[in-house]
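Structure, as structure tokens:
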Amino acid sequence: MQAGRWLVPGLSLALGAGLGAGAVAWLNRKASPGMGGLWSRLPVLPVAAAAAGPVVPTEGPGELAKYGLPGLAQLKSRESYVLCYDPRSRSAMWVIEQLKPERLRGPGDRQTCGFQEDDSVHVYHRATNADYRGSGFDRGHLAAAANHRWSQKAMDDTFYLSNVAPQVPHLNQNAWNNLEKYCRRLTQTYHNVYVCTGPLFLPRREADGKMYVKYQVIGKNNVAVPTHFFKVLILEAPGGQIELRSYVMPNAPVDENIPLERFLVPIESIERASGLLFMPNILTRTSNLKAIAPGAK
DNA sequence: TTTATTGT
């Protein structure tokens with residue numbers, strides 16, 4: 001594989017963004033063999049600007065991060081949830097929330113809420129309302145608004161587009177909505193209900209017999225349309241037992257008459273597909289785990 | 001009831 005060849009299409013993107021930003025210097029560096037002069041054309045921030053930052057040691061192991069690291073986990077802790085942002089998909093990797101019966105009721109009013117850009121995300125990696133407009137997709141909550149009626153602020157926080165993913169309207173308004181209602185109902189039976197929700201981008205076999213991850217992107221920010229969504233429920237029963245239920249639904253119209261149990265999947269399949277791990281965290285917290293697997297009543 | 005979008 002020739003790196004130079006497949007890097008070139010991305011170069012025009014980098015140049016466009018760099019020129020638009022204004023504060024651009026040109027890195028004058030001898031072209032290394034095989035790079036085809038690419039380095040000499042890449043825009044970088046002026047060194048003075050980078051050096052102004054206090055953060056990184058200039059000696060020892062930290063020196064390789066002298067000019068900063070290009071990305072770190074983006075955790076957003078809000079009134080109603082904690083989420084991990086995925087700048088590549090312009091959405092969340094996962095959102096975790098705690099459901100309690102008393103939090104399901106209160107002054108929170110959906111009518112006063114509006115979906116909002118998340119200003120804490122860099123504009124390059126941020127979804128906007130314009131991206132969704134006319135796309136044919138709903139702005140589907142990951143942490144649901146109705147889970148947080150206990151405070152207007154808590155409900156408002158669910159309307160950040162970082163807590164949203166493009167969702168097929170029929171799914172959002174029917175089967176997925178039913179799954180969310182079911183989660184709220186579980187607060188009547190269980191002392192504590194933890195819900196972790198996120199998108200999946202699952203590989204699929206194409207006509208040539210090979211596996212590909214293929215997904216649509218919408219808007220000028222290329223917001224990724226998930227192929228599926230998952231929900232992992234951690235339920236604390238009154239007796240102290242912990243129950244685990246994990247669901248996956250395709251981002252497609254789903255007949256709402258199909259029982260929710262049919263969407264149960266082994267937690268391991270979500271862990272393998274998502275790159276996330278739930279079980280080690282759960283197991284260190286309990287020796288009393290009951291996993292509700294597919295095929296359960 | 002809750003999930004939304006679009007148009008005026």
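Just so you know, these numbers use all the heavy atoms, side chains as well, and skip hydrogens, waters and symmetry mates. In what follows, chains carry the letters A, B, and so on, assigned in the order in which the sequence lines appear, proteins first and then strands, with residues in each chain numbered from 1.
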Path from A:Ile96 to A:Val195 over hydrophobic side-chain contacts below 4.5 Å: no

Need one value for A:Gln167: base, sugar-phosphate or nothing, where a base atom within 4.0 Å counts as base even if backbone is also close, heavy atoms only. nothing

Between P on B:dT5 and CG on A:Asp138, what's the gap in Å once rounded to a whole number? 5 Å

For the residue pair A:Phe230 and A:Phe278, categorise the inter-ring angle as parallel (less than 30°), tilted (30 to 60°) or perpendicular (more than 60°). perpendicular

May I have the distance from A:Asn172 (atom CG) to B:dT1 (atom P), rounded to whole angstrom? 18 Å

Expressed as a whole number of angstroms, how long is the span from A:Gln173:CD to B:dT5:C1'? 8 Å

Tell me: CG of A:Asp109 to C1' of B:dT3, nearest whole Å? 15 Å

Does a donor on one side chain and an acceptor on the other come within less than 3.5 Å for A:Asp86 and A:Ser89? yes

Side chains of A:Glu97 and A:His148: do they bring a donor and an acceptor to under 3.5 Å? yes

Taken to the nearest whole Å, CZ/A:Arg185 to P/B:dT1 is 15 Å

Would you check if the side chain of A:Asn221 reaches a backbone N or O of A:Val223 as a donor-acceptor pair within less than 3.5 Å? no

For the pair made of CD in A:Glu256 and P in B:dT1, what is the distance, rounded to whole Å? 18 Å

Looking at A:Val217, is its backbone amide N or carbonyl O close enough to the side chain of A:Asn222 to form a donor-acceptor pair, meaning the two atoms are under 3.5 Å apart? no

Would you kindly give the NE2-to-C1' distance between A:His170 and B:dT2, to the nearest whole Å? 15 Å

Enumerate the protein-to-nucleotides 6-8 of chain B contacts in which both atoms are nitrogen or oxygen and the separation is below 3.5 Å.
unit_1, atom_1, unit_2, atom_2, d
B:dT6, OP1, A:Gly134, N, 3.3

With heavy atoms under 4.0 Å as the rule, sort A:Asn177 into base, sugar-phosphate or nothing. base

Rounded to whole Å, CZ of A:Arg149 lies from C1' of B:dT2 at a distance of 10 Å

